[in-house]
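Below: one structure, written as structure tokens.
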Amino acid sequence: MKLDELKDLNPQQLKAVKTINGPLLIIAGAGSGKTRTLVYRLAWMIEKGIPQKSILALTFTNKAAREMWLRICKLTGKKLKGLTVSTFHSFGSKILKNCIHHLGYKNNFSIYDQVDKTALIKEVAGEMSFSPDSIDAYKVSSLFSKIKTGLIEWDHSNDQYRSLYREYQAHLKVYNAVDFDDLIILPIEIFGKYTDVLETYRNKYSYIMVDEFQDTSNCQYELIKLIAKGNNNICVVGDDDQSIYSWRGANYQNIMQFERDFPDVREIKLEQNYRSTKNILSVANRVIMHNRNRKEKSLWSGLDRGSLVEGHYPKNESDEGSFIARTIKSLHAREDIPFHEIGVLVRTNSLTRYIEEAFLEENIPYRISGGTSFFQRKEIKDIISYMRVMANPDDDINFLRIINRPRRGLGKKALETIRTIADSKGMSLYSAMSAIRYAYGSPLPEKIKHSLNEFLTLIEYYREKLLSNRNMADTLSSFIDSIDYQEYISLEHRSKPKLARYKIDNIKNFLRMLEDWEKDPDNMDPSLYNYLNRITLITRDDIDDNDETGKVNLMTIHSAKGLEFEVVFLAGAEDGIIPHARSLGDGEDNIEEERRLFYVAITRARKKLFISSCLKRRYMKGLMECSPSPFLSDIPDELISFFKGEEPVDSSEANDYFAALKEQFKR
DNA sequence: GCATTCTGTATTTTT
DNA sequence: TACAGAATGC
């Protein structure tokens, strides 16, 4: 790295880059060039001769990890070798791959995502004859998360699920499976029990860097602290104002805790915002000001005042959609703003639908990040389930998913019989089936036994091939043909041939992606296990989009974190949506988090910000009266102009105008 | 025993 | 609206 490149940095950033040894806390406000600083810092370290393999950089998403990797490559002009840039979860899975045997699992373990986890809870609850309506699998699942990560303890309010939890854990073990929480918790457990293992990791990673520190959970912090305590070279970067993942266990107070855990910490604040105009930044500051639990900071912008933030009140969600679509069209045509420099942000995934409709209507190219991920689609999950079972036959959850898909005449009754046998021996379904496969006096009818046998033979045949073969995509493709999967899809959706076609295309795409991954020369370990672990941890945003340019970005505020756009539309800024009604239940902390969410949305914008709040909105079946988000009234009049259709409204009239509008549409 | 159709219900954010 | 579970039909 040439020294003059460091001239691009301001004094605080420069100091952050050059402070390599000892604990370092960087408080980086929105748009303060955080990623840039981190990338320079890593490049600087490499330049200073620190071996790449001793550096561990942890990010929040795979996308961020990939971007950081690319930017370091570009900056250093070197091929990176041995540097670890990964997410907490994939880092955890790598540790487990190496040492999970200490805990009695095999290293071909499956990773259960939310869907699998829920399925397992239902399965176990069924076996234990919990009444079906006493189980809200989603709620129970988040309870289990909190218990497992030590966020809450068993008490009288949740004691009824204690036995269920025990069984849940026992089943995971039998299935040789771990859930997302285990990816962090089990490494901690191993480190606690086997200090020599911990020592290895401490020696290996003498320099640690954590991005988005405000979004780390207690146990993620615990894990990283364990490793960092060896050398004390740990740098964490975060902004408590942008902590928006507390519902997933994130604890922004880790920032304060960090100061206590590492008393000799050096602290650097990045407060100059390079992204937004003065106006937009003031709006953001005025909003976040109302939060009580935050570290004091004063973000400032050296850029122009810029135009005022615009507030719009469309009469319903389809009006809002077409307002956004029309405005985008004119911005594109008159001001030459490229589509990909425009972001449309919403609080919930479901809100994207209306906007999508408007985009389709007006022929605006867009891309959505959010909704169901590619890998969550039914047809793809089926194929992946087959792969999972081949990788880890004890994985009952995935086994159950595929055993009768396509139909093999193995229904409820047959499975119940096998389940009973499996449970009596404490085995997985697959092991139980293998055991009774050739046994005399089997409890199963001949016909069932026959198709079971056929099924097992098929799985074993391809398991062998997939594990030894270098060409998984081809093998898988012939496997899919051999079970007539396409036929099955067409038959399932015979009334909607278009849908069937689409699903089949998805599978082809999946195979193509697998092939690309396998043939990538940079891929060190193109094995089945590696692939499966990887795609389980991949999220919706991580899929390579072959052409990201020329498309408007439509996404939730959560997935917009870390991004920026020339123009931002914040749609659905209504009370009940942001702050979301469901988030407000208990505690004042929740409203603060919603406010941070609003803050994150605002600070994505560089030059223009539009906020719209519908007067009425279709909700479930009916039409709902809406009020503007209370956060809107935190914005002082001189920073925002409200619009009536295309005409600006005097700010003093804005409130009256709103009331009048409401009256008008009441009928 | 299995498949299809129907009904009803629940919709926050995601590694 | 979209999906899961129940009821009904084959």
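Quick note on labels: first sequence line is chain A, next is B, and so on, each numbered from 1.
Phosphate proximity of B:dT13 to A:Lys561: absent, as no side-chain N or O sits under 4.0 Å from OP1 or OP2. An OP1 or OP2 oxygen of B:dT14 is reached within less than 4.0 angstrom by a side-chain nitrogen or oxygen of A:Asn349. A sub-4.0 Å separation between OP1 or OP2 of B:dT13 and a side-chain N or O of A:Ser559 is absent.
The distance from atom CD1 of A:Ile557 to atom C1' of B:dT14 is 15 Å, rounded to the nearest whole Å. Atom CD of A:Glu594 and atom P of B:dT13 are 11 Å apart (whole Å). Remark: C1' of B:dT14 and NZ of A:Lys117 are 12 Å apart, rounded to the nearest angstrom. For the pair A:His558 NE2 and B:dT12 P, the interatomic distance rounds to 13 Å; values are reported in whole Å. Atom-to-atom, CG of A:Leu597 to P of B:dT13 comes out at 11 Å; the value is rounded to the nearest Å. A:Arg248 places its CZ atom 17 Å from the P atom of B:dT12, with the value rounded to the nearest Å. With rounding to whole Å, A:Arg595 atom CZ is found 22 Å from B:dT12 atom P. Between the C1' atom of B:dA10 and the NE2 atom of A:His580 lies a distance of 12 Å, rounded to the nearest Å.
Residues passing the side chain to side chain contact (heavy atoms under 4.5 Å, CB included) test with A:Gln253, sequence neighbours excluded: A:Asn251. Shown here are the side chain to side chain contact (heavy atoms under 4.5 Å, CB included) partners of A:Trp517, two or more places apart in sequence or in another chain: A:Met472, A:Leu514, A:Asn523, A:Pro526, A:Asn530, A:Tyr531, A:Arg534. Legend: residues meeting salt bridge (Lys or Arg N to Asp or Glu O under 4.0 Å) with A:Glu356, ordered by chain and number and at least two apart, are absent. For A:Ala119, the side chain to side chain contact (heavy atoms under 4.5 Å, CB included) partners at least two apart in sequence or on another chain are A:Ile397. Listed by chain and residue number, A:Asn316 satisfy the side chain to side chain contact (heavy atoms under 4.5 Å, CB included) test with A:Ser318 (two or more places apart in sequence, or in another chain).
Counting non-hydrogen atoms under 4.0 angstrom, A:Phe60 reaches the backbone sugars and phosphates but no base.
You'll find that the side chain of A:Trp247 is closest to B:dT13, out of B:dT13, C:dG5, B:dT12.
Judged by the 6.0 Å and 45° rule, A:Lys225 forms a cation-pi pair with A:Tyr221.
Contacts with DNA chain B (heavy atom under 4.0 Å) in residues 176-183 of chain A: A:Phe180, listed by number.
The existence of a salt bridge linking A:Asp113 and A:Lys381 is confirmed by a sub-4.0 Å separation between a basic side-chain nitrogen and an acidic carboxylate oxygen.
No N or O donor and acceptor, one from the side chain of A:Arg353 and one from the base of C:dT1, sit under 3.5 Å apart.
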